Every structure is written in C-alpha cells, then in structure tokens.
J.: 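Pasting a structure below so you can have a look.
The model shown is predicted, which means the values in this text are computed figures rather than measured ones.
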Protein chains: 2
Amino acid sequence: MDLIEGKERFIQAWGALGSNWGVNRTMAQIHALLLLSPEALSAENIMEELKISRGNANMNIRALIDWGLVYKELKPGERKEFFVAEKDLWEVVKQIIIQRKKKELEPMVKVLDEISSVEGDDPASEEFKKMVREIKLFSSKADSTLDTLVKADSNWFVGTFLKMIR
Amino acid sequence: MDLIEGKERFIQAWGALGSNWGVNRTMAQIHALLLLSPEALSAENIMEELKISRGNANMNIRALIDWGLVYKELKPGERKEFFVAEKDLWEVVKQIIIQRKKKELEPMVKVLDEISSVEGDDPASEEFKKMVREIKLFSSKADSTLDTLVKADSNWFVGTFLKMIR
DNA sequence: TTGTACTTTCAGAAAAAACTGAAACGTAAG
DNA sequence: CTTACGTTTCAGTTTTTTCTGAAAGTACAA
C-alpha cells in the first residue's frame, strides 16, 4: 500500500467513525485530512483533496472550529486562512465530551426536572415519578463523572486509570 | 403538568437524545415508552402510543432487542409477543458501549493495522506512519479501558468511581 | 387442511440531512 | 474610491435515512 492510498483509507474510515459521533462525514474527513497533514492547509487545499464545494468546506471547517477540534492559523504576509487539527487525541475526545454533554445531557436534565413535578398520587403517577427520579440521579452522576474525567489529564487517562481499576 | 403530558415530554426528550447515540429517534422513543411502562407492551400498544406503522414498530423493536436494550416477554396463553425495557440504566449504557465498540472501534483498529504498512521511507511516509501508530495506540487503550469499564458493576460506577478519582 | 392471529419483509414514499454554486459580503492594497 | 482576493451565506438540489402499508410468511388450533 502506498502513501496516497493509505491516506485515502484513513480519511474514509475516520469519516465513517465520525458520522456516529455527532460529527458529520465531511466534517470528520476534513479533520482526518488535517490530522495527517504536518502543515496547515487552506480551504482550497481541503476542497481539492476531498472534492467538495467551497460552501461545504467553509461550513464544516467553521463547525470543527466551534467544536474545538481545529484551529485557524494566519501566516504572516498571507491573506488566506490556514487550518490545523488538534492532534492530541485525548484532547479531541475531551472536546467531544464537553460539547455533547452541553448539547445533550444538560437539556435532558432540564426536562427531567420539569416532568418530576407531575401531579397526582395515583399508583401510575407515583411509578412515573419514581422512574424519573432514578433517571435524574443517574444523569447527575454521569454528568459529574464526565466533568471529573475531562479535568483529568491525558497521562492519567492512558496510564494510571487502567491499573487503578483492575 | 399531568401524567400524560409528562410521559409525552419524556418520550420526546429521550428520542432526541438517542438520535445522537447511534439509536434512531423512533427506536429511542420506543425504549422510552417501555422504560416508563411497568407492564410489558405489545407491538400494537406501541404503534398506538407513538402513532407509527406496524413495519416501523416491528423493525425498531427488533433492533432494540439486538442492541440488548429490550427483552421479549411471552405471556402464557397469549399468542402475542410483549416487550419490556432494560430498566437498569447502567446496563443500558454498558450495552451501548459494547455494541458501538464492536461496530466502530474494532473496524477502525483494523484499518489502522492495514495502513500502517505503507511503503516508503521518505519524510512524508514516515510522518504518516508515526501518526497512524499514535492513533492505534490510543485506540487500543480506549478499547481496553472500555472493556474494563463494562466489566465493572453498577454500584461501582455510581458509588466508588467518583471518590476514587478525586 | 383451512382459518385465524400474529410477525416479518421490503418497494416505494416521505422526511431529514448534507451539499452545491453563485451572489453577497468584508477588507486590505493600490 | 475601486479593485482584487478571500470568506460567508443560503435557496435550491441531491443524497441518505427513515417510515409506511400491503403482501408474504409463520405457527397454532380446529
């Protein structure tokens, strides 16, 4: 397998993976391309390599920046913008956790709070409220566990964690 | 807020959450409905409550069973099949981890193995191989961490983990 | 064997998500 | 001010995903 082919395979695989992670296919492919690229790339470079339109490239690059997975880089003298990926994978995972926690877990907790106030003391209502309380408890625990995880650093994660819990 | 309304809100919210977790909206709504239901429900019950077609109900129920999130329950004397949700949320999360690890992480590791054999010792190829090795290392660690996590039991998760890592 | 009650399948329809390309916009240099 | 170079936006189109409904399949009982 040669380099071109290898890159291609990786970009495809990373794209497929991303599409299950709240990151659409193209967004993940752009990230993959940047991950493999030692130098910063311009929007044009990305459009060419992935054969996508300017609009698509621009929108997905912005989204990656919002997710904190890609950074803008301005070269002195150049008017064009260049982009580099966050290459520390633990950092990438952390960013995804942070973003998704905010976008998913927190709204869920809000709904749970609201619906825990259903009226009625019949068995069905009591049952419902009990289930809601349980889910709320679990969510809060998940929330704070993720917070702690995100504060932990890379070395701790890859090194100590495993030994500690065995 | 009354019970009907509360259930409705919960089903909507759980559906939205699921759609970001590799579980489609309807599948997650069926799971939500079953979670709230003290008794097992038939396909018909589910079709009515969620206003979906028989085909859709059937396909999503099967998928939930495949994911290990819902169980079939046969009532003696009844020909119809009934369904109950796995109600232990830690069990639910574990199942999702197991399934997604298999469907996503493992194929990724396979691709990484393949592409780590790119030929060429020019700087670009070396750079590429270095990146691939790093990603592979990270993936393996994630893989075994998740394995360990999945083996741990619910009480450990909700109780000890937090204290341990603080 | 036939009827009945239920489940499964799947082609086509509908809905949702992603992409394109061109026009509008912003900004620095001339 | 105007041109040149680059970025952003978004209406319309394409692609992908999900859903429907009817037909086919299965299994038990009479």
J.: Check L36(A) against M131(B) and note the closest heavy-atom contact, atom names and distance.
T.: CD2-CG, 4.1 Å
J.: Applying side chain to side chain donor-acceptor pair (under 3.5 Å), name anything that partners E44(B), two or more places apart in sequence or on another chain.
T.: R54(B)
J.: Applying the 4.5 Å side-chain criterion to the ILVMFWY set and letting contacts propagate, would L35(B) and I65(B) be lumped into a single cluster?
T.: yes
J.: Apply side chain to side chain donor-acceptor pair (under 3.5 Å) to E114(A) and list each qualifying residue two or more places apart in sequence or on a separate chain.
T.: R9(B)
J.: For DNA chain D, note the earliest and the latest nucleotide, 5' to 3', having some atom under 4.0 Å of a heavy atom belonging to chain B.
T.: dT18(D) to dC28(D)
J.: Looking only at side chains, do N56(A) and S53(A) share a donor and an acceptor under 3.5 Å apart?
T.: no
J.: Examine dT7(C): is either OP1 or OP2 under 4.0 Å from a nitrogen or oxygen in the side chain of N58(B)? Give yes or no.
T.: no
J.: Measure from NZ on K80(B) to P on dT7(C) and round the result to the nearest Å.
T.: 8 Å
J.: Specify the angle, to 10°, made by the local axes at the two ends of the helix from dT1(C)-dA30(D) to dG30(C)-dC1(D) when five pairs are taken at each end.
T.: 0°
J.: Does the protein touch nucleotides 18-29 of chain C at the base, only the backbone, or not at all? Give it as B, S and - per nucleotide, heavy atoms under 4.0 Å.
T.: SSBB-----BB-
J.: Any sub-3.5 Å donor-acceptor pair from K136(A)'s side-chain atoms to D113(A)'s backbone N or O?
T.: no
J.: Which atoms form the tightest heavy-atom contact between F82(B) and S42(B), and what is the distance?
T.: CD2-N, 3.7 Å
J.: Got a sec, which residues hit salt bridge (Lys or Arg N to Asp or Glu O under 4.0 Å) with E104(A), two or more places apart in sequence or on another chain?
T.: R100(A)
J.: To the nearest 0.5 Å, tell me how far K72(A) NZ sits from L64(A) CG.
T.: 13.0 Å
J.: Got a second to check how far E8(B)'s CD is from Q12(B)'s CD, nearest 0.5 Å?
T.: 5.0 Å
